Amino acid sequence: MEIRTLRYFLAVAREENMTRAAETLHVTQPTLSKALRSLEEELGKKLFTRHSFSIKLTDEGMLLRNRAEDLVTMADRIEREFVTLDDITGGDLYFGLAESYQIRLLAREIRRCKEAYPGLRYHITSGDTEQVAEKLDKGLLDFVVLVEPPDPVKYESLRFPASDEWGLVLPAADPLASKEAIQADDLVGLPLFCSDQSWEKDIPRWAGPRMADLRLEGSFRLAYNGSIFAREGLGYLLTFAHLVDTSPESGLAFRPLTPPLTTDLYLVWKKYQTFSPIAERFLAQVRKAFAE
């Protein structure tokens, strides 16, 4: 199975049309069709369902698409790394980021690194711990930012200088907004929004025995989306401070939880990872910045 053939497959999967995919790839349609037939024969599975004017992936095709995207991404990354091995002015950095206002500290260090090395190119993926850790394990990312302590057997890490504070985002006119802080008892029976990860790992640390009385109305990986639902009065969003606009013009308010609930943030990389030159320079810079 060749990387070139996987690129052909992904182009057809994306375009859902053989002619358009061939034009995108700058190959003839017969060449593309032959390559895909050979791929199906090699795997012993039908990858596409062909219709009059479109092509759809079969279940096997969808599985291959997920695997092929990782393989092609890795191949592209290897090529770029070898091209830039002797480039002392830059290279590529790959990050997977959780949501936190402290990401500004990472952005600051990326800016400083880019000023020192103008050829630096950085690539950002966002997601929860499961999503970004999987990409780190596959070698698709150099660093990830996690909102939970990483496994010291698998990873090295640096803890961010500060912690994230939890609170409740709610309509500014809601009676709960008159409180200075929110207790677990205040939320009993109310529709709540939170990420699945935090609902399972963070909120129980705060709610204790009251956790059984709290109701998750819906889960959001992005705090902004949750805030839209909160603004419409559909529920109350449990999230970090500073992620959502709660200015007087926003119609929303943020109230901290009591007793206070905080979460630490970690910059994480694989143990025994072989870094590119630019990744080594970046890590040394961040170590110094976080120690100051």
Side-chain angles (χ1 to χ4, degrees), residues 95-112 124-129 131-132 145-148 159-208 210-211 213-267 289-290 292:
F95 298 92
L97 305 182
E99 270 199 308
S100 166
Y101 86 105
Q102 291 192 81
I103 294 298
R104 76 190 196 284
L105 303 179
L106 194 70
R108 181 189 65 192
E109 297 310 317
I110 292 174
R111 174 182 57 78
R112 289 176 175 174
I124 304 296
T125 297
S126 297
D128 59 21
T129 294
Q131 290 173 315
V132 298
V145 175
L146 304 182
V147 291
E148 62 181 60
R159 189 171 68 84
F160 276 64
S163 299
D164 281 280
E165 177 191 22
W166 280 90
L168 191 72
V169 172
L170 69 168
D174 191 281
L176 276 181
S178 63
K179 288 180 167 286
E180 293 186 1
I182 303 297
Q183 301 178 9
D185 287 345
D186 296 327
L187 303 182
V188 171
L190 298 181
L192 302 176
F193 301 129
C194 188
S195 72
D196 286 328
Q197 177 182 331
S198 298
W199 186 258
E200 294 174 2
K201 297 182 179 181
D202 294 299
I203 304 305
R205 293 192 286 120
W206 169 71
R210 272 308 213 177
M211 189 68 194
D213 301 317
L214 301 185
R215 176 167 65 89
L216 184 65
E217 175 78 3
S219 59
F220 291 91
R221 283 177 172 165
L222 298 176
Y224 175 78
N225 288 348
S227 73
I228 297 298
F229 278 63
R231 183 181 290 112
E232 291 298 323
L234 292 170
Y236 301 80
L237 175 64
L238 289 160
T239 189
F240 291 158
H242 311 299
L243 289 185
V244 173
D245 177 16
T246 55
S247 64
E249 298 78 20
S250 70
L252 294 171
F254 177 89
R255 295 294 179 265
L257 303 183
T258 186
L261 176 65
T262 60
T263 296
D264 291 330
L265 203 68
Y266 299 86
L267 179 68
F290 281 16
E292 291 176 350

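The model shown is predicted, which means the values in this text are computed figures rather than measured ones. Every heavy atom of this structure was used, including side-chain atoms; hydrogens, water molecules and symmetry mates were not.
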Revision key, fill the gap. In this structure, CZ of Phe254 is separated from OG1 of Thr246 (nearest 0.5 Å) by 7.5 Å
**Study point:** Closest non-hydrogen atom pair, Leu252 against Asp245
**Key:** CD1-O, 4.0 Å
**Study point:** Smallest separation among heavy atoms of Asp185 and Arg210, with atom names
**Key:** OD1-NE, 2.6 Å
Point to revise | Least distance between heavy atoms, Pro204 atom then Ser198 atom | key: CD-O, 4.0 Å
Point to revise | Value rounded to 0.5 Å, distance of CG in Leu237 from CG in Leu170 | key: 10.0 Å
Exercise for review: In sequence, state the C-alpha distance, the side-chain angles, and the governing distance for Gln197 and Leu146, and then conclude on side-chain contact (heavy atoms from CB on, under 4.5 Å).
Suggested key: CA-CA 11 Å; Gln197 177 182 331; Leu146 304 182; over 6 Å; no
Revision key, fill the gap. So the salt bridge (charged side-chain N to carboxylate O under 4.0 Å, His left out) pairs with at least one residue in residues 254-265 (sequence neighbours excluded) are Arg159-Asp264
Check your understanding: Distance from Leu234 atom CG to Glu217 atom CD, nearest 0.5 Å?
Key -> 7.5 Å
**Study point:** Intermediate values then yes/no, side-chain hydrogen bond (donor to acceptor under 3.5 Å, both in side chains), Ser247 and Glu249
**Key:** CA-CA 5 Å; Ser247 64; Glu249 298 78 20; 3.3 Å; yes
Review point. With sequence neighbours left out, what residues match Glu99 under salt bridge (charged side-chain N to carboxylate O under 4.0 Å, His left out)?
Key: none
Point to revise | Nearest heavy-atom neighbours spanning Pro175 and Ser178 | key: O-OG, 2.6 Å
**Study point:** Separation of Leu187 CG from Leu168 CG (nearest 0.5 Å)
**Key:** 5.5 Å
Review point. Can you tell me how far the CH2 atom of Trp206 sits from the CD1 atom of Ile182, to the nearest 0.5 Å?
Key: 7.5 Å
Check your understanding: Could you state the interatomic distance from OH (Tyr224) to CG (Leu243), rounded to the nearest 0.5 Å?
Key -> 13.5 Å
Study note, to complete from the structure: Correct closest heavy-atom pair for Trp199 and Cys194 would be N-SG, 3.8 Å
Practice item. Classify the ring geometry between Phe229 and Phe193 as parallel (under 30°), tilted (30 to 60°) or perpendicular (over 60°). Key: perpendicular
